Amino acid sequence: MDGLSLLNNPGECVSSTDQKEHPHCCRLYCGPPHHWARPTPAWPRCSPSPHPHTSQADLEEGRESGRDLQHYQSQAKQLCRKLNAQSPNRCTLEAGVMSFHYVLEHGVCYLALCEAVFPKRLVFGYLEDLQTEFHEQHGKKVSTVSRPYSFIEFDTYIQKTKKTYIDSRARRNLGSINTELQDVQRIMVANIEEVLQRGEALSALDTKASNLSSLSKKYRSDAKYLNTRSTYAKIAAGAVFFITLIVYVRFWWI
Amino acid sequence: MYIAFPGSYAESLVNQIINWQCCPRSLYSPVNCPNFPPQPSAGPAQLSPSLSGLSLQSQTPEALRVVNLLQERNLLPLGPVTPPTPCLPQDLQKINCHPEVFRSTLTSIPQTQSLLNKAKLPLGLLLHPFKDLSQLPVVTSSTIVRCRSCRTYINPFVTFLDQRRWKCNLCYRVNDVPEEFMYNPVSRSYGEPHKRPEVQNATLEFIAPSEYMLRPPQPAVYLIVLDVSHNAVETGYLDVVCQSLLENINALPGDSRTKIGFITFDSTIHFYNLQEGLSQPQMLIVSDIEDIFLPTPDSLLVNLNECKELVQDLLRSLPQMFGKTMETQCALGPALQAAFKLLSATGGRVSVFQTQLPSLGVGALKSREDPNQRASAKDIQHLSPATDFYKKLALDCSGQQVAVDLFLLSSQYCDLASLGCISRYSAGSVYYYPSYHQQHNPAGVECFQKDLKRYLTRKIGFEAVMRIRCSKGLSIHTFHGNFFVRSTDLLSLPNVNPDAGFAVQMSIEENLVDMQSVSFQAALLYTSSKGERRIRVHTMCLPVVNSLSDIFAGADVQAITCLLASMAVDRSVTASLSDARDAMTNASIDSLTSFRTSVLTIQQPGLLAPACLRLFPLYILALLKQKAFRTGTSTRLDDRVFAMCQLKYQPLAYVMLMIHPALYRVDDLTDEGALNVSERTIPQPRVQQLSVEKLSRDGAFLMDAGSVIYLWIGRNCNPNFLTQVLGLPNYAAVPLNMNMLPELDTAESQRTRVFVGWLREQRPFFPILHVIRDESPLKASFLQNMIEDRTESALSYYEFLLHIQQQVSK
């Protein structure tokens with residue numbers, strides 16, 4: 001099975017606001033995701049040249065069309081947005097014939113996409129490998145960077161490691177993983193759609209709640225307004241009555 | 001509050017007039033003369049038009065001083081010609097973009113197109129956007145402030161309406177100042193948006209956030225494609241290339257991701273497997289050149305750091321590998337296709353070394369030059385490409401962010417007109433070494449070595465795009481240089497290098513009434529060799545004027561000449577060479593006619609020109625005698641086409657030297673008026689006119705023609721100079737091909753070498769020095785640069801002036 005395809009955009013960017021929302025999630029995946037998909041009008045997107053590395057994976061697989069890959073990319077981006085301190089730090093997310101696997105450690109997320117049948121043990125071995133190396137090389141610098149793709153040089157290591165894990169001959173030498181990752185079966189499995197939608201439901205609830213609160217605010221102000229209006233009306237009626245009374249007394253009674 | 005132009009329009013007009021009178025845009029002054037500050041107030045009398053007219057007559061600005069070209073022979077300034085300074089308020093001029101980076105043909109922009117048409121001067125910009133700069137402010141911020149409607153980057157010439165709003169100087173839209181911009185990281189203070197570096201520097205660089213990335217920044221990728229046919233091996237260039245690469249392999253710009261690959265070709269294509277773990281490089285030969293494929297796609301481009309030893313192994317053995325080859329055919333087209341396939345996934349730079357006409361496979365060419373017709377032909381044929389294969393491939397390359405640089409080392413015709421397309425549309429560069437041979441042409445070899453060193457180590461930007469914006473009302477319509485225009489105004493530059501220049505032509509679409517100034521902004525987005533996405537922004541501001549005399553006063557003769565040269569190259573390809581020559585001559589006639597009829601109030605006899613345009617006819621004549629445009633003299637077609645390429649993509653400073661070389665007398669160098677640069681005293685001899693009458697037999701003269709420097713020794717040259725500088729006993733001992741000045745421990749030798757060294761430092765390529773005397777074979781090319789003299793086929797300067805005068809006074 002040679003179909004381990006990786007969304008290995010080893011860039012990262014943590015803007016200060018991001019960090020507040022997700023204190024432990026600093027993404028290895030790609031720049032601030034909420035910016036990712038926004039078109040930049042001044043520099044129109046040129047010929048849609050696919051990501052060089054994913055396209056390589058594309059060729060290897062031969063059956064994943066570019067469009068599917070884009071779909072997975074956008075899912076991955078959404079996923080990165082969802083991850084926070086409460087997320088499980090190792091998880092497998094099923095997405096049809098493919099699965100996402102991620103490891104969340106020291107505020108950095110390591111995410112891999114591969115065919116669902118690809119041994120989980122290997123994927124997590126691979127991700128742990130990356131995690132250890134990245135933490136050793138750049139771990140201290142993570143909090144200081146401000147530029148997207150600051151750690152792009154790490155890509156060389158990612159590519160090299162990927163090759164050894166894909167290569168079935170080299171895989172035999174990785175026997176150690178088998179023993180180290182005995183508990184790999186206990187890693188949580190969820191469906192990517194569910195995970196992404198759970199967030200959506202929550203955000204829907206959030207909008208509904210904020211709608212409700214704004215509506216109730218409006219009701220309150222409206223009620224106040226009505227109250228004052230009726231008070232004014234009462235006063236006005238009283239005033240008219242008294243004036244009539246005075247005029248009546250002044251002209252007819254006397 | 002920040003106001004660009006204080007005062008009402010009338011006041012500013014007055015200011016302008018005064019400003020204009022007391023700003024001597026002297027071209028004579030040896031160094032940049034400072035622009036005097038505008039006078040703050042004006043007497044009421046000067047508001048009256050008649051009086052101001054009078055004062056103009058009595059006190060003409062230096063730029064408009066009338067020069068009778070037929071009488072004044074010595075027009076050259078003492079030192080280099082300096083660009084005119086735009087008439088802007090001093091605080092704006094101080095921060096304006098440097099003229100070496102951004103230059104306009106007219107430093108005062110006419111208010112209307114009809115006014116521009118009347119002046120008969122071309123309107124355009126000359127840019128050198130990626131020039132090596134010693135000081136460049138770099139800004140890192142998460143939001144880059146740009147105009148919401150025209151996407152202009154915030155710059156020093158915008159207006160702050162109040163603390164919270166700024167007005168774009170290109171489209172005049174009012175924008176909000178973002179919260180983040182209120183904080184000034186330089187002074188660490190809040191609430192001073194006009195003190196931010198973005199608003200203090202006309203040239204600066206941003207570190208781009210991820211919005212500016214379509215994909216992760218690409219690594220530096222270099223692919224070397226080498227011709228190894230019999231002809232190529234014979235010239236011996238492989239040694240130089242491999243040696244240069246070996247020496248500079250650690251100086252190649254890049255980071256730990258840098259990739260490198262090699263392809264060689266004769267009648268077949270050879271790939272080199274350099275994968276880590278191999279004991280030696282593996283050569284893979286693909287002989288099917290009809291349908292090219294990559295034998296092992298993964299291991300042909302390898303990480304330079306990890307496979308350095310294999311790469312070095314290959315470079316050491318490559319020159320010997322083909323030593324006995326008998327293959328004379330050469331399949332350049334398929335090799336380029338293979339290179340494109342190899343790089344299309346990442347993008348990068350392809351360096352092609354080619355020594356003969358490609359003869360096999362796609363893109364094969366036939367000789368189109370008839371050497372007997374070189375001098376006699378009425379019009380030059382074959383300036384346009386013979387096949388569109390190279391252009392099409394270049395466009396494919398451009399789409400995949402691949403640039404192709406062409407090194408042509410040939411002794412015979414190679415059809416540069418066709419081959420050059422591969423670099424032209426993929427934003428590469430072209431180098432041409434005629435009659436290259438390791439033994440027979442040592443000067444050429446040295447030049448190639450030095451150029452290659454610069455080429456390999458210079459800065460490089462990948463996957464770049466450039467956009468030039470200008471104020472509302474102006475529009476850019478034609479671009480010159482090496483690039484592909486992707487959308488109307490977006491230049492696609494797969495690679496950008498610090499030696500590339502660009503030119504654009506502009507027209508005035510809407511009248512610029514009510515505007516005191518207009519601005520131009522060039523923004524270059526690129527990926528550095530370290531994988532950083534950066535944006536370099538240059539902004540230039542120029543005043544708008546409404547009188548013809550002001551337009552003439554602000555004319556920049558060098559910029560006009562360079563723009564005309566680029567336009568003439570286009571004209572000679574689309575129409576004909578004679579058409580282009582006529583057009584250039586007419587350009588000078590038209591503008592001088594316009595000056596005579598519209599600006600001059602008192603008609604005098606003679607050929608009258610404003611002081612700022614006094615060199616215009618000389619430069620035009622120089623262009624007509626330039627390799628690219630000359631007729632009547634035997635010029636090889638490739639030489640001509642190469643000169644045309646250079647005129648199109650070289651920055652202004654180098655083009656000017658090419659057009660009008662500088663001649664110095666060097667046998668009597670003194671320290672008088674010398675420059676002092678980093679503890680060296682550089683003598684500054686006077687620039688002489690390019691005429692044989694200026695050469696005296698008892699002197700030694702140095703001619704700096706950009707890519708070549710000649711040192712002419714007179715027959716009766718001062719013996720002191722011969723012994724002290726050249727280390728030779730007498731004139732007869734001067735060898736016929738001498739390319740070096742000996743390092744002698746004398747003051748004269750010191751001065752001469754410092755001076756030559758200083759000239760060489762000013763340009764990125766390496767000019768060869770030829771010491772010549774009367775018997776030298778190179779004397780002819782030295783004398784061809786004597787532009788003011790008459791040759792059998794071309795007019796002398798005086799005759800040319802008479803011709804122009806005749807046309808002007810018609």
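What you see is a predicted model; the values in this text were computed from it and never measured. In what follows, chains are A, B, ... by sequence order, proteins preceding strands, each numbered from 1.
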- Pairwise side-chain contact, Lys160(A) with Glu276(B), heavy-atom cut-off 4.5 Å (strictly under): yes
- Item | Lys459(B) atom NZ, neighbour heavy-atom count above 12 within 6.0 Å | yes
- Item | Reference residue Ile152(A); test side chain to side chain contact (heavy atoms under 4.5 Å, CB included); the match among Pro216(B), Ser256(B), Pro219(B) | Pro216(B)
- Taking atom CD of Glu532(B) and atom OH of Tyr149(A), what is their separation to the nearest 0.5 Å? 14.5 Å
- Query: So which heavy atom on Arg147(A) is nearest to which on Gly531(B), and how close?
  - Reply: NH1-O, 3.7 Å
- Heavy-atom pair with the smallest gap, counting every atom of Pro148(A) and Ala208(B): CG-O, 3.8 Å
- Message: Are Asp155(A) and Arg257(B) packed together at the side-chain level, in the sense that at least one heavy-atom pair is separated by less than 4.5 angstrom?
- Response: yes
- Task: Determine whether more than 12 heavy atoms belonging to other residues, nucleotides or ligands lie under 6.0 Å from atom CD of Gln137(A).
- Result: yes
- Residue Lys341(B) excluded, over 12 heavy atoms near NZ under 6.0 Å: yes
- Atom CG of Asp255(B) and atom CD of Glu153(A): how far apart are they, to the nearest 0.5 Å? 4.0 Å
